[in-house]
Participant: 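One structure, pasted below without further comment.
Per chain, numbering begins at 1; letters A, B, ... match sequence-line order.
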Amino acid sequence: MRLEINDISKSFINNGETHQVLKDISFTIEEGEFVTLLGPSGCGKTTLLTIIAGFQQAEEGEIVLNDKKVVAPGPDRGFVFQNYALFPWKTVRENILYPMKQLKVPKAEREKRLEELLKMAQLEGKGSLYPHQLSGGMKQRTAVIRALASRPQVLLMDEPLGAVDFQMRKDLQEQLEAMWIKDRTTVIMVTHDVDEAVYMSDRVILMSNEQGKILADLSIPLERPRDREGKKYTMYKQQLMDLLGNKTIKKKETIYQVV
Amino acid sequence: MAINENKIYSPREKIVKNVGKGLAYNIMYKLITILLAGTVWYIASWRLNSDLLLPSPFTTARAFLNAITDEVVLKNISITMVRVFKGFGLSMAIGVPLGFLMGFSKIANNILGTLIDSIRQVPIMAWVPLTIIWLGLGDGPTIFLITMSGIFPVILNTITGVQNISKDYYNAAKTMGASRWSILKDIVVPATLPDIMVGARLAMSLGWMSVI
Ligand SMILES: Nc1ncnc2c1ncn2[C@@H]1O[C@H](COP(=O)(O)OP(=O)(O)O)[C@@H](O)[C@H]1O
Ligand SMILES: [Mg+2]
């Protein structure tokens, strides 16, 4: 797996005013990496992620996955939506089987993969529930394993824990990490939470509010599971917050929690 | 790794629990309504004391019992019911596909929308003479009128249903390799179903109202 983001630019026109959201964004993602796109609200993270997914097109530049240009959504890129987008008329089981049926995975294999995924997400025995019967955390885990069901090359997640309250969030980060350690699919996750980025990722790509550019591309080679109180951990966090602070100090609304 | 989850009812438990409760309450409320209305009716008829102006609830009930045991009346009721179901079926059979078409295509919505909006303005009774000329005297005109009164809520609700489907569902299905056919069958239809049911309920009750 190799994913190239090459010189992506995108702007929107709001009330007659052109707003450059992304400007010449480039980076490459290697097999097995857990990469986070971190940046303040409105800086273009979702826009970039949905361009990679093929939900919308960039004005300039291209996305190349394994030497093939991305032009539309496809099962090689799994997507976890911010609001999960589980099909409410399907049970957990049917939601997860759906992508495998579309890809014509043989029945025996489908069932085997389903059990494997439910186990990985600690959802054994919950297959016959409907999404509205699940807790927030269970919905989130269902959305992740549904996206993994078709064995995508890369998993794209848009603030998968954005809708969860602060206390719950840490538990869910740990669950998500545990799932990822078992699965090891390449991940690009969007977040605006510095702590979440440092806890989860091998690499943090920091986006700026101002010119739609990348501020920093930081490796976090800490062992997992990580100690949130650890010295190096706090250092990485501080570093990211400093980088953000310098650039966003003019904008009053700082959304970063110093924990 | 702590998982903190509240007790969750299985679908079956939930349905049984809610239906049981809902049904009992429903019956209770309906009984109260009937009792109240009956009392007011009885007092009014007793004060007026005229079977011509306002027969008492008991006289009416007796007449009703006589009617529903009368073969001719029963036969007429069954004819009406068949007509209502035929008209309802037609308004669903035409309205749902039209609603899908108009929900998906802006062009279809613009062209058909204008047409439908103008036909919709025609008072239902104004169709009567025309339909008798077109369809003769039998079942035809009645079924036509029932269809006419039911078709618009079906079309409009189906359009709303289709247009309100979240874009995320389409995108999710596409990242799962779904074909166009599967998107229609597995996403669009089930997502629109609740709105189609609203349209169907309206069509059914309007259908009954327009047979009188
Ligand atoms: N479809 C769109 N039309 C107009 N403006 C948009 C659209 N999508 C996003 N934007 C604007 O682009 C900016 C970045 O949005 P987004 O990518 O959602 O940010 P983030 O996910 O980082 O919070 C925002 O200012 C937003 O208002
Ligand atoms: Mg976003």
Participant: Nearest heavy-atom pair of A:Ile25 and A:Leu48: which atoms, and what distance?
Facilitator: CG2-CD2, 4.1 Å

Participant: Can you measure from CZ (A:Arg146) to CZ (A:Arg93) and round to the nearest 0.5 angstrom?
Facilitator: 16.0 Å

Participant: Regarding A:Tyr233 and A:Asp195, do their side chains bring together a donor and an acceptor under 3.5 Å, going by distance alone?
Facilitator: yes

Participant: Side chain, backbone, both or neither: which part of B:Ile187 has an atom under 4.5 Å from a heavy atom of chain A?
Facilitator: both

Participant: Please verify the inter-ring angle class for A:Phe79 with A:Phe81; under 30° counts as parallel, over 60° as perpendicular, anything in between as tilted.
Facilitator: tilted

Participant: Mind checking whether A:Tyr98 and A:Phe87 have parallel, tilted or perpendicular rings, split at 30° and 60°?
Facilitator: perpendicular

Participant: Side chain from CB out, backbone as N, CA, C, O: work out which of these in A:Leu86 comes under 4.5 Å of a heavy atom of chain B, or both, or neither.
Facilitator: backbone

Participant: Checking B:Ser166 against chain A: side chain, backbone, both or neither under 4.5 Å from a heavy atom?
Facilitator: neither

Participant: Against chain B, label A:Lys90 side chain, backbone, both or neither, depending on which of its atoms sit under 4.5 Å from a heavy atom there.
Facilitator: side chain

Participant: Can you tell which of A:Pro99, A:Pro88, A:Gly54 has the highest number of heavy-atom pairs within less than 4.5 Å of chain B?
Facilitator: A:Pro99

